[in-house]
Amino acid sequence: MIKDKALEDLFLAQKPVFDDQDAFMQKLERKMQAVEYLKQYEEAKLRRYKYAMIATFVMGLLSGGALLTFMLNTPMDEPLFTFNVTSGFLLGIQQNSRLIVSIALMLFMTFGIISIVNNILDLTLRKKETISPHTK
């Protein structure tokens, strides 16, 4: 509350002088051009992020499809990896390797899709803030 009063007093103490209308307009136009440049830069950056997310999503779908096709085309009785053991924990992993790899792949793809959706939501929120920063 004290800081707000101090800021208000500071702004009230300022008495701008507009002696030279042309210099003021030139200064104002330069500032407006700088703001427009920053706005275009931010929009270009958001566009690049969107393209990167789309490319990541497509690559994730393609790699997930390729891995799934590979797993489905390998023989069912043959494990995906072997440890050359006859008993124990590693034998259980070896026998269920197809299921373990499928679950790991699904979890990885789910994490990737959730991350992409979260980034899209962050970008739309950021774009709304750049369009109307004072609408809170």
Side-chain angles (χ1 to χ4, degrees):
M1 192 68 177
I2 297 171
K3 288 183 180 179
D4 291 340
K5 185 65 177 162
L7 283 173
E8 183 180 344
D9 291 340
L10 182 67
F11 282 120
L12 289 175
Q14 293 291 332
K15 302 291 183 205
V17 179
F18 301 111
D19 291 339
D20 190 8
Q21 186 72 15
D22 292 333
F24 173 75
M25 287 304 289
Q26 288 174 354
K27 243 171 143 180
L28 181 64
E29 222 168 279
R30 276 193 310 240
K31 288 181 181 180
M32 293 297 288
Q33 287 173 352
V35 167
E36 186 64 30
Y37 172 76
L38 290 175
K39 185 178 175 183
Q40 289 175 356
Y41 176 77
E42 189 68 25
E43 288 174 356
K45 192 163 75 168
L46 287 174
R47 240 186 338 269
R48 282 193 304 269
Y49 286 151
K50 285 181 184 178
Y51 291 146
M53 282 189 299
I54 290 170
T56 303
F57 184 74
V58 169
M59 289 303 294
L61 287 178
L62 292 176
S63 63
L67 284 172
L68 187 62
T69 303
F70 169 74
M71 285 178 41
L72 292 176
N73 285 333
T74 56
M76 203 64 160
D77 298 337
E78 185 180 316
L80 292 176
F81 44 86
T82 60
F83 296 113
N84 296 327
V85 292
T86 56
S87 66
F89 179 69
L90 293 177
L91 181 63
I93 291 176
Q94 178 179 329
Q95 290 173 345
N96 297 314
S97 63
R98 187 174 301 279
L99 179 65
I100 292 169
V101 169
S102 297
I103 290 172
L105 179 63
M106 285 186 280
L107 288 174
F108 182 70
M109 293 297 289
T110 302
F111 175 74
I113 290 171
I114 289 173
S115 297
I116 289 171
V117 169
N118 187 30
N119 287 340
I120 289 171
L121 292 176
D122 285 347
L123 285 176
T124 56
L125 180 65
R126 185 185 293 178
K127 188 173 183 178
K128 286 180 185 175
E129 286 178 357
T130 57
I131 290 173
S132 58
H134 302 293
T135 333
K136 288 189 176 182

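Keep in mind that the numbers below use all heavy atoms, side chains included, and drop hydrogens, waters and symmetry copies. Remember, it's a predicted structure, so these values are computed and weren't measured experimentally.
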State the [atom1]-[atom2] distance between [X] and [Y], to the nearest 0.5 angstrom.
{"X": "Leu46", "Y": "Asp122", "atom1": "CG", "atom2": "CG", "answer": "11.0 Å"}
{"X": "Leu38", "Y": "Glu43", "atom1": "CG", "atom2": "CD", "answer": "11.5 Å"}
{"X": "Thr69", "Y": "Leu62", "atom1": "OG1", "atom2": "CG", "answer": "10.5 Å"}
{"X": "Lys45", "Y": "Glu42", "atom1": "NZ", "atom2": "CD", "answer": "4.5 Å"}

Side chain to side chain contact (heavy atoms under 4.5 Å, CB included) with Ile100: which residues, sequence neighbours excluded?
->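 Listed in chain order: Ile93, Asn96.
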Same cluster or not: are Leu107 and Leu99 linked, directly or through other Ile, Leu, Val, Met, Phe, Trp or Tyr residues, by side-chain heavy atoms under 4.5 angstrom apart?
->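 Cluster IDs for Leu107 and Leu99 match.
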Indicate, with yes or no, if Phe57 and Met106 share a hydrophobic cluster defined by side-chain heavy-atom contacts under 4.5 Å among Ile, Leu, Val, Met, Phe, Trp and Tyr.
->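 Per the 4.5 Å side-chain linkage, Met106 and Phe57 are not co-clustered.
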Locate the shortest heavy-atom distance separating Gln94 from Asn84; write the atom from each residue and the value.
->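 So the minimum-distance heavy-atom pair works out to OE1-N, 4.0 Å.
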Within residues 83-114 or reaching into it, pairs that qualify as ring-ring contact (aromatic ring centres under 6.0 Å, His included) - sequence neighbours excluded =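 Counting only pairs at least two positions apart or across chains, the ring-ring contact (aromatic ring centres under 6.0 Å, His included) contacts touching residues 83-114 are Phe81-Phe83.
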State whether the number of non-hydrogen atoms from other residues, nucleotides or ligands found under 6.0 Å of Glu36 atom CD is greater than 12.
->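 Atom CD in Glu36 is packed in, count exceeds 12.
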